[in-house]
Amino acid sequence: MPELPPPITVVGIGADGWPGLAAGSRAALREAEFVVGGPRQLDLLPREEVTAERVRWPSPLRPAVPGLLAAHAGRRTAVLASGDPMFYGIGRTLAETVGAERLRVLPHPSSVSYACARLGWPLEATEVVSLVGRPLDALSLALHPGRRLLVLSADAATPAAVAGLLTARGYGTARLRVLEQLGAPAERHLAGPADGWPHPSGDPLNVIAVDLGDGPRTSLVPGLPDTAYESDGQLTKRHVRAATLATLAPSPGELLWDVGGGSGSIAIEWLRAHRDCRAVSVERDPVRAERIARNAAALGVPRLRVVTGPAPAALAELPAPDAVFIGGGLTAPGLLDGCWAALRPGGRIVANTVTLESEALLTEWYRRHGGELVKLAVAHAVPVGGFTGWRQAMPVTQWSAVKPDGVTSDSKPDGVASDDSKPDAVPSETPQENAS
């Protein structure tokens, strides 16, 4: 059998540096022939103790990992990480790149463990949001009255940026505590309200503790108020949206195609269901596409990918979805066929319409593929003179189905349709139809 290469030892190190390391971590670094890490981490190692060759991570980091490690294959390699390598650290990247079986991980207490110890907060009840390499708007998803958060800062400017976002989102009375250089002799704590944060930028190595206090309440379940969205009217309305998301049934890690995005509400609430959900919103109108991105940022899911272009052409290069929602343009040639072909086996498709032409098309797909065909009707109580009556919204026809294993489409997934080319096909309507 060929000799296995030596494992890559991943050593967590804190702001307390060499004195704070456990005996096993020190021994691993002494024995290493090659040590790679960030400049700050490498500077914490005493040269009289660690004689290995030192290399700084290049930028961007992730694409450089395979080549850098391959160049030193066969040598005793150590990788330095801040705190716990498997908590928002380099450990995940290494495990995904070289395989977890190649790693020997020696963790150090994370900055979150230190922060909870200083604050007396139970770790399991404290939500953590990382802003390292992530948009500031990602914090918005975690804002709920009375909650406590720990925010992992990107740099020295992050505390002021967080204070500004909290104030803009209605949490100006939130109390912030910035914990710098946790565990080091230079550890320092700063405190103040979000509104009018009084401190200048300090140490870039910091964690922000946030007591949110009072602020706007936002539901965790689908069906946010329509007023939560910036819209020109192309919006799947609240009650229909809640029913649609229930049928789409988001699950962690799954990818949604939201075709005919309108205001982006379906994709946005899919993403709000779990931080590991993924979504692409496809919208042909550039103005609406920009609006979708703004709505996603405001509602805490800036990770939403927005693709501007007409469907089905704009779908050609997208990864295969686990679920598809079609909210507009159902009779565009090849759209339903292309979405059905791209959908993974076991995936869900949901299509909404308010027009008779598209309803006829959905009825035909229901006949061919089964699933469920339902009509959603919502009425609102409104004044009628001195009395109260019902005002009926346009009823929405919804077809949904689960794609069985081994099923192929009637047309090519590149958008060349067969159904719309038949003599009895339903004529095409404007691709901007949106079931609301």
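Values below: every heavy atom of this structure, side chains too, minus hydrogens, waters and symmetry copies. Everything numeric here is computed off the predicted structure, so don't read it as measured data.
Across all their heavy atoms, Ser219 and Leu224 have their closest contact at O-CD2, 3.7 Å. Contact record, Val132 with Ser153: CG2-O, 3.4 Å, taken as the closest heavy-atom pair. The shortest heavy-atom contact between Val324 and Leu248 is O-CD2, 3.6 Å. Minimum interatomic distance between Ala142 and Leu149 (heavy atoms only, all atoms of both residues): O-CD2, 3.7 Å. Contact between Val128 and Tyr88 at its shortest, heavy atoms only, is O-OH, 3.9 Å. When every heavy atom of Val210 is checked against every heavy atom of Ala174, the shortest pair comes out as CG1-CB, 4.3 Å.
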Enumerate, atom names and distances included, each donor-acceptor pair closer than 3.5 Å involving a side-chain atom of residues 161-168, sequence neighbours excluded.
residue: Thr167; atom: OG1; partner: Ala163; partner atom: O; Å: 2.9
residue: Thr167; atom: OG1; partner: Ala194; partner atom: O; Å: 3.4

Donor-acceptor pairs under 3.5 Å, side chain of residues 55-62 to any protein atom, not counting sequence neighbours: which ones?
residue: Arg62; atom: NH1; partner: Thr93; partner atom: OG1; Å: 3.4
residue: Arg62; atom: NH1; partner: Glu96; partner atom: OE1; Å: 3.3
residue: Arg62; atom: NH2; partner: Glu96; partner atom: OE1; Å: 2.5

Side-chain donor-acceptor pairs under 3.5 Å in residues 375-394, sequence neighbours left out?
residue: Lys375; atom: NZ; partner: Glu359; partner atom: OE1; Å: 3.1
residue: Gln392; atom: NE2; partner: Val378; partner atom: O; Å: 3.4

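For Asn206 (side chain) and Val178 (main-chain N/O), no donor-acceptor pair under 3.5 Å exists by modelled atom type. The main-chain N or O of Ala243 is found under 3.5 Å from a side-chain atom of Thr247 such that the two form a donor-acceptor pair. Of the possible donor and acceptor atoms, none in the side chain of Trp399 sits under 3.5 Å from a partner among the backbone N and O of Val374. Not one N or O on the side chain of Asp211 forms a donor-acceptor pair closer than 3.5 Å with the backbone of Gly213. A donor-acceptor pair under 3.5 Å is absent between the side-chain atoms of Ser281 and the main chain of Val306, judged by distance alone. Counting only distance, with no hydrogens or angles, the side chain of Trp257 and the backbone of Ile326 share no donor-acceptor pair below 3.5 Å. Lys403 places no side-chain N or O within 3.5 Å of a backbone atom of Asp322 that could act as its donor or acceptor partner. Under the 3.5 Å distance criterion, the side-chain polar atoms of His199 are matched with a main-chain donor or acceptor of Ala191.
Within 6.0 Å of CG on Asp214 lie no more than 12 heavy atoms contributed by other residues, nucleotides or ligands. Glu230 CD: more than 12 foreign heavy atoms inside a 6.0 Å radius. When the shell of 6.0 Å around CZ of Arg303 is examined, it contains more than 12 heavy atoms from other residues, nucleotides or ligands. Other residues, nucleotides and ligands contribute at most 12 non-hydrogen atoms within 6.0 Å of the CD atom of Glu317.
From Phe87, atom CZ reaches atom CZ of Arg92 across 12.0 Å, with rounding to the nearest 0.5 Å. Put simply, OG on Ser251 and CG on Asp276 are 10.0 Å apart, with the number rounded to the nearest 0.5 Å. Between atom OG of residue Ser130 and atom CG of residue Leu150 there is a gap of 11.5 Å, rounded to the nearest 0.5 Å. In this structure, the separation between CZ on Arg241 and CG on Leu235 is 5.0 Å, given to the nearest 0.5 Å. To the nearest 0.5 Å, atoms CD (Gln234) and CZ (Arg288) are separated by 4.0 Å. The distance from the CH2 atom of Trp340 to the NE2 atom of His369 is 5.5 Å, given to the nearest 0.5 Å.
The closest side-chain heavy-atom distance from Trp365 to Leu330 is not below 4.5 Å. Between Pro222 and Trp270, every side-chain heavy-atom pair lies at or beyond the 4.5 Å cut-off. Residues Thr218 and Leu143 fail the side-chain proximity criterion, which asks for heavy atoms closer than 4.5 Å. Under the 4.5 Å side-chain criterion, counting only non-hydrogen atoms from C-beta, Pro122 is not in contact with Cys116. Val280 is not listed as a side-chain neighbour of Leu315, based on a closest heavy-atom distance of 4.5 Å or more. Under the 4.5 Å side-chain criterion, counting only non-hydrogen atoms from C-beta, Thr9 is in contact with Arg104. Side-chain contact between Ile268 and Tyr229: present, with at least one pair of heavy atoms (C-beta onward) separated by less than 4.5 Å. Using a 4.5 Å heavy-atom cutoff, the side chains of Val207 and Val112 are not in contact.
One finds a salt bridge joining Asp137 and Arg169 here, because a Lys/Arg side-chain nitrogen approaches an Asp/Glu carboxylate oxygen to under 4.0 Å. We find that Arg188 and Asp203 are not joined by a salt bridge, their nearest charged nitrogen and carboxylate oxygen being 4.0 Å or further apart. The pair Glu283-Arg291 does not meet the salt-bridge criterion, since no charged nitrogen lies less than 4.0 angstrom from a carboxylate oxygen. Under a 4.0 Å N-O distance rule, the pair Asp226/Arg238 does not qualify as a salt bridge. Taking the charged nitrogens against the carboxylate oxygens, Arg348 and Glu254 do have a contact shorter than 4.0 Å, which makes a salt bridge. By the 4.0 Å N-to-carboxylate-O rule, Arg272 lies too far from Glu269 to be salt-bridged with it.
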Start with the C-alpha gap between Arg275 and Leu141, add the side-chain angles, then the distance that decides, and say whether side chain to side chain contact (heavy atoms under 4.5 Å, CB included) holds. CA-CA 9 Å; Arg275 63 183 179 182; Leu141 188 58; 5.5 Å; no

side-chain hydrogen bond (donor to acceptor under 3.5 Å, both in side chains) between Thr236 and Asn352, intermediate numbers included: CA-CA 9 Å; Thr236 302; Asn352 290 357; 5.3 Å; no

Intermediate values then yes/no, side chain to side chain contact (heavy atoms under 4.5 Å, CB included), Ile349 and Leu336: CA-CA 10 Å; Ile349 187 168; Leu336 259 172; 4.1 Å; yes

Start with the C-alpha gap between Leu256 and Ile266, add the side-chain angles, then the distance that decides, and say whether side chain to side chain contact (heavy atoms under 4.5 Å, CB included) holds. CA-CA 9 Å; Leu256 169 74; Ile266 296 294; 4.1 Å; yes

May I have the step-by-step check of side chain to side chain contact (heavy atoms under 4.5 Å, CB included) for His144 and Leu220, ending in yes or no? CA-CA 10 Å; His144 301 280; Leu220 290 172; 3.5 Å; yes

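Tested against Ile8, the residues Val36, Val105, Leu69 include a single side-chain contact (heavy atoms from CB on, under 4.5 Å) partner, Leu69.
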